[in-house]
Amino acid sequence: SANVNVGNMVVRNDLNARDDKLKAIGWNTRVRLGDKWTATADASYSSAKRREDVIESYAGIAGMTNFAITLPSGAGFPSIVPDTNYADSSSVTLMDPAGWGHDALWKKPRVTDELQSLRLEGGRRFDGVISSLDFGVNRSTREKAREMNEFTADLKNGRAPAMVPGSLLQSPTSLSFGGIPGVLSYRVMDTLNAMYDIAPTAQGEIINRNYEVTEKVTTAYAKLGIDTEIGKVVVTGNAGLQFVHTDQSSHGFSSMDGIVSDINRGTTYDN
C-alpha cells in the first residue's frame, strides 16, 4: 500500500460518433461460344466511407489529491481511493488541468476507400493430352483518402475555469471497482455548444495527417490443363504462368518548422 499526492488530474468526458456507409455491386457474365469456347466478364465495385466525430473535453480540481493505493496480495483489483470527490460539480470544474493549451478538442476525420475490379477470361477445351486452355487479364484499382479536420475549443471568458450547469449534468460515472466512487459526467456536445468558443486548428498543425494512396494491379495469366494416361496411370494437372504489374502512388504533406510541403511518392514493380 502507499499514499501518493498528485496534482493536475484530468477528468475526461468524451463523445465518439461514427457513421459508415458501405456499398458493393458486382456483375458476372459467362458465355458459351460453340462447344469448345467460353468467355467470362466479371466487374465489381465497392466503397466504404467513414465520418467520425471525436470530442474530448477536460475538467479538474485545483490543488493536490491524495490517493490511497492498495495492491491485493491475492485476487481482485488494485484499489485507488482519492481524498477528493471527483463527482462534485462544485469543485470539479471545466478547465485545462494538464496545460495542453486548449480546454477541449473536436476531431472530424473523414476516410474514403474504393475498390474497382474488372476480369476478362477466355477458355478452350481440347481432346488430348492438353485438355484445356484458360487465359485472361484482371485489373483492380484501389484508392484510399483520409482527411483530418480538427477544432480547438476554449472556455468562454478568456478560458476561465467554469462549473458545469446543472441542466447539463448526468449521473456520475462509477469507478468503484477500482476505489473511486464516482466521476463527474455531463452531456459533452451540449456543454461544448454552451460553454466554449470553437475555432479550426491551424492547418499547418494537422495537414500532415491528410493523405491519398492509389494502387493499380494488372494481372495477366494463362493455364494449360493436362488430362492423360501413362500406361495405366491417370495423369492430371496443370501448368501456367501469371504476370502481375503493380503501380502504387501516394500524396501527402510534410509540415516542418512551419513550412508545409507537398509530398508525392510511389513505386512500380513486377512479379
Side-chain angles (χ1 to χ4, degrees), residues 3-21 49-70 76-111 146-203 205-207 209-210:
N3 285 281
V4 180
N5 282 310
V6 183
N8 303 324
M9 296 296 296
V10 179
V11 174
R12 280 265 301 259
N13 275 254
D14 291 6
L15 172 66
N16 298 311
R18 187 173 76 191
D19 179 61
D20 292 335
K21 293 183 178 179
K49 294 183 179 181
R50 171 172 292 176
R51 300 170 60 90
E52 291 187 85
D53 288 281
V54 181
I55 303 174
E56 53 186 59
S57 63
Y58 323 123
I61 295 177
M64 305 291 288
T65 298
N66 179 269
F67 288 90
I69 302 173
T70 303
F77 288 102
S79 177
I80 306 174
V81 181
D83 63 359
T84 301
N85 181 8
Y86 278 98
D88 183 4
S89 61
S90 63
S91 58
V92 180
T93 57
L94 300 172
M95 58 189 298
D96 177 19
W100 289 330
H102 52 266
D103 302 318
L105 200 60
W106 187 354
K107 303 174 187 178
K108 305 180 72 171
R110 305 289 185 258
V111 180
R146 181 181 189 268
E147 176 185 348
M148 169 61 81
N149 297 302
E150 186 175 279
F151 296 84
T152 301
D154 289 328
L155 290 160
K156 297 180 185 294
N157 302 318
R159 300 187 63 198
M163 294 173 52
V164 181
S167 60
L168 300 178
L169 290 172
Q170 298 187 125
S171 299
T173 298
S174 173
L175 300 178
S176 57
F177 67 88
I180 302 176
V183 176
L184 185 74
S185 298
Y186 47 87
R187 299 203 305 272
V188 173
M189 181 60 80
D190 292 338
T191 303
L192 195 73
N193 289 329
M195 308 283 296
Y196 295 80
D197 292 321
I198 303 172
T201 301
Q203 192 69 10
E205 297 180 22
I206 60 173
I207 195 170
R209 305 176 195 174
N210 298 350

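Reckoned from all heavy atoms, side chains included, excluding hydrogens, waters and symmetry mates.
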Nearest heavy-atom neighbours spanning [X] and [Y]:
X: Val10; Y: Pro97; result: CG2-CG, 3.7 Å
X: Ile198; Y: Ala153; result: CG1-CB, 4.2 Å
X: Pro82; Y: Gly179; result: CD-O, 4.0 Å
X: Thr173; Y: Ser185; result: OG1-OG, 2.6 Å
X: Pro161; Y: Thr93; result: CB-OG1, 4.0 Å
X: Gly182; Y: Pro172; result: CA-CB, 4.4 Å

Within the structure provided, determine whether [X] and [Y] are in side-chain contact (heavy-atom separation under 4.5 Å).
X: Met148; Y: Lys107; value: yes
X: His102; Y: Phe151; value: no
X: Val164; Y: Ser89; value: no
X: Thr65; Y: Val6; value: no

If you round to the nearest 0.5 Å, how far is [atom2] of [Y] from [atom1] of [X]?
X: Asn5; Y: Met64; atom1: CG; atom2: CE; result: 5.0 Å
X: Asn157; Y: Met195; atom1: CG; atom2: CE; result: 8.5 Å
X: Lys49; Y: Lys21; atom1: NZ; atom2: NZ; result: 8.0 Å
X: Trp100; Y: Asn8; atom1: CH2; atom2: CG; result: 10.0 Å
X: Met163; Y: Leu168; atom1: CE; atom2: CG; result: 12.0 Å
X: Leu94; Y: Leu155; atom1: CG; atom2: CG; result: 5.5 Å

Those residues that, when tested against Asn3, pass side chain to side chain contact (heavy atoms under 4.5 Å, CB included) (two or more places apart):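 Expected list: Asn66, Ala68.
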Donor-acceptor pair between Ser57 and Tyr186 side chains, under 3.5 angstrom: yes
Set of salt bridge (charged side-chain N to carboxylate O under 4.0 Å, His left out) partners for Asp88, sequence neighbours left out: none
Checking side-chain contact (heavy atoms from CB on, under 4.5 Å) for the pair Tyr196/Thr191: CA distance, chi angles, key distance, verdict? CA-CA 8 Å; Tyr196 295 80; Thr191 303; 4.1 Å; yes
Verify, without hydrogens or angle tests, whether [X] (side chain) and [Y] (backbone) share a donor-acceptor contact under 3.5 angstrom.
X: Asn13; Y: Leu184; result: yes
X: Arg187; Y: Leu169; result: no
X: Arg146; Y: Arg209; result: yes
X: Asp96; Y: Asp103; result: no
X: Asp19; Y: Arg51; result: no

Begin from the C-alpha positions of Leu105 and Glu150 and carry the test side-chain contact (heavy atoms from CB on, under 4.5 Å) through to its verdict. CA-CA 7 Å; Leu105 200 60; Glu150 186 175 279; 3.9 Å; yes
Look at the rings of Phe67 and Tyr86 and say which category their plane angle falls in: under 30° parallel, 30 to 60° tilted, over 60° perpendicular. parallel
After noting the C-alpha distance and the side-chain angles of Leu15 and Asp53, does the key distance pass the side-chain contact (heavy atoms from CB on, under 4.5 Å) rule? CA-CA 8 Å; Leu15 172 66; Asp53 288 281; over 6 Å; no
